[in-house]
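Worksheet for the structure shown next.
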Protein chains: 2
Amino acid sequence: MAMIEAKRKAALWLENGGIRATRQREILAALLMGDGHNRHVTAESLFDAVRGCGERVSLATVYNTLRAFSEAGLLREIHVTGGKVYFDTDTTNHAHFYWEDTGELHDAGHDAPEHEVRVSNLPTPPEGTEVSRVDVVIRLRRI
Amino acid sequence: MAMIEAKRKAALWLENGGIRATRQREILAALLMGDGHNRHVTAESLFDAVRGCGERVSLATVYNTLRAFSEAGLLREIHVTGGKVYFDTDTTNHAHFYWEDTGELHDAGHDAPEHEVRVSNLPTPPEGTEVSRVDVVIRLRRI
DNA sequence: CTCAATGCAAAGTATTTGCAACCGA
DNA sequence: TCGGTTGCAAATACTTTGCATTGAG
């Protein structure tokens with residue numbers, strides 16, 4: 001996908017989240033829409049991607065922007081280590097593979113509906129609460 | 001349960017993990033075995049519990065010991081926020097409720113087998129890996 | 001113009017580590 | 001005694017914040 005196309009998608013995406021477009025946000029959004037595929041990034045990895053394409057956005061802004069996108073429902077946070085937070089451009093409900101040794105994060109069985117991980121027999125949420133979402137992480141160990 | 005009983009369980013528990021008993025480890029183990037129930041602690045909360053019962057263990061040792069217990073298979077780590085790491089004394093496979101606002105963590109449907117959360121249709125782990133474990137976290141939002 | 005967004009550096013939070021003193025087998 | 005364990009302080013890793021500057025509408 002051409003960069004120009006990514007920028008177009010990025011603009012629509014930002015508008016969709018009711019987020020004002022700025023130079024930095026457009027760069028980050030374009031990178032996230034990048035190859036047209038679902039991406040899993042951390043603040044660091046996205047920051048590196050920015051520098052990698054010759055652009056410049058401060059690390060603090062990357063952090064703040066990822067949070068803003070997340071709060072606008074454009075991204076979904078994933079927690080797999082105490083350390084860093086991952087963000088997923090696919091906000092639909094799906095499970096993840098997590099490599100314990102390398103820290104890689106991929107979608108699990110999200111290529112086709114029949115491969116989707118299924119969670120059943122969910123308990124009723126306690127009084128005064130509702131389910132915000134159900135996270136499923138399949139941790140992998142190198143054999 | 002009396003403190004003396006907790007100490008007894010703690011000693012067996014440590015031995016079970018092949019972990020040498022020391023004063024601090026016995027204190028921590030006894031607190032974890034405490035009320036005979038499954039506990040969810042963080043380094044901070046366990047450190048506070050130590051001070052609360054008049055004992056003294058350094059915070060660094062609490063961190064190191066939790067990690068040691070974890071590596072010995074006596075505890076299980078749970079990741080729900082980028083911030084802190086929770087440890088669960090119940091190492092069997094079970095789902096958790098997580099209160100997004102307060103940071104509370106409880107077991108979900110682990111009281112009886114028929115209430116257990118079920119995960120099915122798990123994808124085959126990628127070449128060269130095996131499933132270390134599957135984490136299910138039900139995030140709750142206050143209504 | 002005006003107010004929100006940005007960038008930097010400093011502060012914060014959670015955790016690990018280096019190393020000397022210590023203690024249990 | 002000896003090697004593993006502890007405690008402290010310092011270091012590290014990740015993220016947020018304060019504030020002056022910049023920029024979009």
Side-chain angles (χ1 to χ4, degrees), chain A residues 7 10-11 13-15 17-31 40-51 55-72 74-87 98 100 102-103 105, chain B residues 7 10-11 13-15 17-31 40-51 55-72 74-87 98 100 102-103 105:
Chain A
K7 290 237 172 185
W13 190 66
L14 287 177
E15 192 180 326
I19 290 211
R20 183 156 117 192
T22 66
R23 188 185 67 86
Q24 315 34 12
R25 287 174 175 180
E26 280 166 348
I27 293 170
L28 298 180
L31 284 171
H40 301 96
V41 306
T42 62
E44 273 302 314
S45 80
L46 187 54
F47 180 67
D48 290 346
V50 171
R51 315 212 86 243
E55 297 283 357
R56 158 127 209 82
V57 177
S58 81
L59 182 56
T61 296
V62 173
Y63 273 105
N64 293 335
T65 304
L66 282 175
R67 186 150 47 77
F69 286 179
S70 222
E71 277 163 9
L74 295 176
L75 294 178
R76 170 173 170 171
E77 291 184 26
I78 305 172
H79 305 280
V80 282
T81 74
K84 47 186 69 160
V85 179
Y86 286 74
F87 293 87
Y98 176 66
E100 292 179 331
T102 62
L105 190 68
Chain B
K7 290 240 174 187
W13 190 66
L14 286 177
E15 192 180 328
I19 290 211
R20 183 155 117 191
T22 65
R23 189 186 63 87
Q24 332 8 29
R25 288 174 175 178
E26 280 166 349
I27 293 170
L28 297 179
L31 283 171
H40 302 96
V41 306
T42 62
E44 272 302 315
S45 80
L46 187 55
F47 179 67
D48 290 347
V50 171
R51 315 213 85 243
E55 296 284 357
R56 158 125 208 84
V57 177
S58 82
L59 183 55
T61 296
V62 173
Y63 273 105
N64 294 335
T65 304
L66 282 174
R67 187 150 48 75
F69 286 0
S70 223
E71 278 162 9
L74 295 176
L75 294 178
R76 172 173 170 170
E77 290 184 26
I78 305 171
H79 305 281
V80 282
T81 74
K84 47 186 70 159
V85 178
Y86 287 74
F87 293 87
Y98 175 66
E100 291 178 332
T102 60
L105 190 68

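For the numbers below, each heavy atom of this structure counts, side chains included, while hydrogens, waters and symmetry mates do not.
- Atom CZ in Phe47(A) sits about 14 Å away from atom P in dT6(C), given to the nearest Å.
- The distance between atom CG of Leu14(B) and atom P of dT5(D), rounded to the nearest whole Å, is 12 Å.
- Qualifying salt bridge (Lys or Arg N to Asp or Glu O under 4.0 Å) partners for Arg25(B), counting only residues two or more places apart in sequence or in other chains: none.
- Considering only residues two or more places apart in sequence or on other chains, Arg23(A) meets the salt bridge (Lys or Arg N to Asp or Glu O under 4.0 Å) condition with Glu55(A).
- Residue Arg25(B) contributes atom CZ, which lies 11 Å from atom P of dG4(D) at whole-angstrom precision.
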Nucleotide by nucleotide, 5' to 3', does protein get under 4.0 Å of the base (B), only the sugar-phosphate (S), or neither (-) in nucleotides 12-25 of chain C, counting heavy atoms? --SBBB--------

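- Comparing the end axes of the helix from dC1(C)-dG25(D) to dA25(C)-dT1(D), each fitted to five base pairs by superposing C1' atoms of four pairs onto the next four, gives an inter-axis angle of 30° (nearest 10 degrees).
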Return all side-chain donor-acceptor pairs below 3.5 angstrom for residues 59-69 of chain B, not counting sequence neighbours, or 'none' if the list is empty.
| unit_1 | atom_1 | unit_2 | atom_2 | d |
| --- | --- | --- | --- | --- |
| Thr61(B) | OG1 | Ser58(B) | OG | 3.0 |
| Asn64(B) | ND2 | Ala60(B) | O | 3.3 |
| Thr65(B) | OG1 | Thr61(B) | O | 2.6 |

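- Computed from coordinates, the Glu71(B) CD to dT5(D) P distance equals 12 Å when rounded to whole Å.
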Donor-acceptor contacts under 3.5 Å from residues 41-50 of chain B side chains, at least two apart:
| unit_1 | atom_1 | unit_2 | atom_2 | d |
| --- | --- | --- | --- | --- |
| Thr42(B) | OG1 | Ser45(B) | N | 3.0 |
| Ser45(B) | OG | Thr42(B) | N | 3.0 |
| Ser45(B) | OG | Thr42(B) | O | 3.2 |

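- In this model, the phosphate group of dT6(D) is not approached by any side-chain N or O of Thr61(B) to a distance below 4.0 Å at OP1 or OP2.
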Please tabulate, for side-chain N and O atoms in residues 77-86 of chain B, each donor-acceptor pair with protein atoms closer than 3.5 Å (sequence neighbours left out).
| unit_1 | atom_1 | unit_2 | atom_2 | d |
| --- | --- | --- | --- | --- |
| Glu77(B) | OE1 | His79(B) | NE2 | 3.2 |
| His79(B) | ND1 | Gly82(A) | N | 3.2 |
| Thr81(B) | OG1 | Gly83(B) | N | 3.1 |
| Thr81(B) | OG1 | Lys84(B) | N | 3.2 |
| Tyr86(B) | OH | Gly103(B) | O | 2.4 |

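- Looking at residues two or more places apart in sequence or on another chain, you find a side chain to side chain donor-acceptor pair (under 3.5 Å) between Glu100(B) and Ser132(A).
- Listed by chain and residue number, nothing satisfies the side chain to side chain donor-acceptor pair (under 3.5 Å) test with Glu71(B) (two or more places apart in sequence, or in another chain).
- Rounding to the nearest 0.5 angstrom, the gap separating the OG1 atom in Thr22(A) from the CG atom in Leu28(A) is 8.0 Å.
- When rounded to the nearest whole Å, the span between CD of Glu77(A) and P of dC14(D) equals 16 Å.
- Phosphate contact (OP1/OP2 of dT6(D), side-chain N/O of Arg56(B), threshold under 4.0 Å): absent.
- From Trp13(A), atom CH2 reaches atom CG of Leu75(A) across 4.0 Å, with rounding to the nearest 0.5 Å.
- Going from atom NE2 of His79(A) over to atom P of dC14(D) covers 15 Å, rounded to whole Å.
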